[in-house]
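Inspection log for the structure reproduced underneath, given as structure tokens.
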Amino acid sequence: MKEDIIIKLIALDMDGTLLNNQHEISDGNRQAIKEAQEKGVHVVLSTGRSLQNCRPHADELGLASYLVTVNGSEIWDEKCELVERNLLKTDHIEWMLELAKQHNATFWAINTERNWHNEIPEDLHNVDWLKFGFNVHDDATRELILHELKAKGEFELTNSMPHNIEVNPIGISKAKGLQLVCDRLGIEMKNVMAVGDSLNDLAMIMEAGIGVAMGNAQETLKKAADWVTATNEEDGVAQAIRKWVLSE
């Protein structure tokens, strides 16, 4: 029975999940997270964002726990010291840049120093790359790009919105990052509640003891989840925490 699972760690996606459409944390979500922490539950942000774009929200919530960033390409401990980093090969970045140009797709990339949007440093080899992303609103074009990416056999392919493609090194996911965090904390994945809305959340939702999809989540995620909560505009994270963590 899922109701009998004791949740010791809450893993939260950010965009479309913890954050509302104004990219803010609601008072309802903030209060539920505070109560969960007071109960001794670890709260871990598990996001496609880089540390620079994630840490201010962690600080705002007063989190003193691990951070799983860039879809699991980087793991940070309670002191915000790097635990693990998984890089994309620079020649793969070059190839994906050409692929984006070929299909007239906008793109973004994250390296260990900053985020890049539709631009890239002249010398790709001077920095370490963590993730590459394509924005493609045309379904047929997006499928063509996905086909070429899959044919390489070297990438983990997900999305954070229906119209984009997120590329990480093969085998890297939020689920793998959370497993590392759990190992370090002495927690089993069955005692984790994971909440998300997009395909980059799918693995962690399937592997967690309680997998929760947002009301605004993609249908694939809703079908895979144990429970569907309200939307990110309706304090869906708070509702999930109150049902699965705070209810007596």
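Predicted model, so just to flag it, every value in this text is computed and none were measured.
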Start with the C-alpha gap between S50 and Q52, add the side-chain angles, then the distance that decides, and say whether side chain to side chain donor-acceptor pair (under 3.5 Å) holds. CA-CA 5 Å; S50 63; Q52 299 95 315; 3.3 Å; yes
Side-chain touch [X]/[Y], heavy atoms, less than 4.5 angstrom:
X	Y	answer
K222	M214	no
N168	L88	no
E148	I145	no
S46	L178	yes
L246	K39	yes
T112	E74	yes
I210	I7	yes
I165	L146	yes

Under a 4.5 Å side-chain heavy-atom rule over Ile, Leu, Val, Met, Phe, Trp and Tyr, are [X] and [Y] clustered together?
X	Y	value
L87	W116	no
V44	M189	yes
L124	F107	yes
Y66	I187	yes
L180	L185	yes

Side chain to side chain donor-acceptor pair (under 3.5 Å) test vs N200 passes for just one of N159, T158, N71, N164, namely N71
*asked:* Parallel, tilted or perpendicular: which one describes the rings of F155 and H92, with boundaries at 30° and 60°?
replied: perpendicular
Next item on the list: Take the angle between the ring planes of W227 and W244 and call it parallel below 30°, perpendicular above 60°, tilted in between.
Entry: perpendicular
* Asked: Just wondering, are more than 12 heavy atoms of other shown residues or ligands nearer than 6.0 Å to NZ in K89?
  -> no
Q.
If you count heavy atoms of other groups shown closer than 6.0 angstrom to CG of D123, is the number above 12?
A. yes
So does [Y] get a backbone contact from the side chain of [X], meaning a donor-acceptor N/O pair under 3.5 Å?
X	Y	result
R30	I25	yes
W108	K131	no
K176	M204	no
N232	L19	yes
N216	G16	yes
D201	S198	yes
E233	N21	yes
D226	G211	yes
R142	V136	yes
K190	I5	no

Self-check item: Full working for side chain to side chain donor-acceptor pair (under 3.5 Å) between T69 and W76
Solution: CA-CA 8 Å; T69 63; W76 304 85; 3.2 Å; yes
Could you go through the side chain to side chain donor-acceptor pair (under 3.5 Å) check for Q239 and D235 one step at a time?
CA-CA 6 Å; Q239 291 189 34; D235 295 354; over 6 Å; no
Taken to the nearest 0.5 Å, the spacing of R184 CZ from D77 CG works out to 6.0 Å
Kindly give the heavy-atom pair with the smallest separation between [X] and [Y], and that separation in Å.
X	Y	value
I205	A225	CG2-CA, 4.0 Å
S73	I172	N-CG2, 3.6 Å
I241	A32	CG2-O, 3.8 Å

Practice problem: Let me see the working for R85 and D128 under salt bridge (Lys or Arg N to Asp or Glu O under 4.0 Å), right down to the final yes or no. | Solution: CA-CA 10 Å; R85 174 173 283 159; D128 292 324; 5.2 Å; no
(Q) Quick one, E35 with R242, criterion salt bridge (Lys or Arg N to Asp or Glu O under 4.0 Å). Give me CA distance, side-chain angles, the key distance, then yes/no. (A) CA-CA 9 Å; E35 291 175 34; R242 296 201 178 281; 3.0 Å; yes
Check: Please walk me through it: do N118 and T106 pass side chain to side chain donor-acceptor pair (under 3.5 Å)?
Finding: CA-CA 6 Å; N118 273 334; T106 57; 4.7 Å; no
| Pairing of K34 and E38 as salt bridge, 4.0 angstrom limit | yes
Is the shortest side-chain N to carboxylate O distance from K101 to E94 below 4.0 Å? no
**Request:** Would you sort out whether L9 and N191 count as a side-chain contact (heavy atoms from CB on, under 4.5 Å), showing the intermediate values?
**Result:** CA-CA 7 Å; L9 187 150; N191 299 115; over 6 Å; no
Intermediate values then yes/no, salt bridge (Lys or Arg N to Asp or Glu O under 4.0 Å), K223 and E219: CA-CA 6 Å; K223 289 175 182 174; E219 284 304 314; 5.6 Å; no
Problem set entry | From CA spacing to verdict: side-chain contact (heavy atoms from CB on, under 4.5 Å), E166, F134 | CA-CA 7 Å; E166 298 204 342; F134 299 82; over 6 Å; no
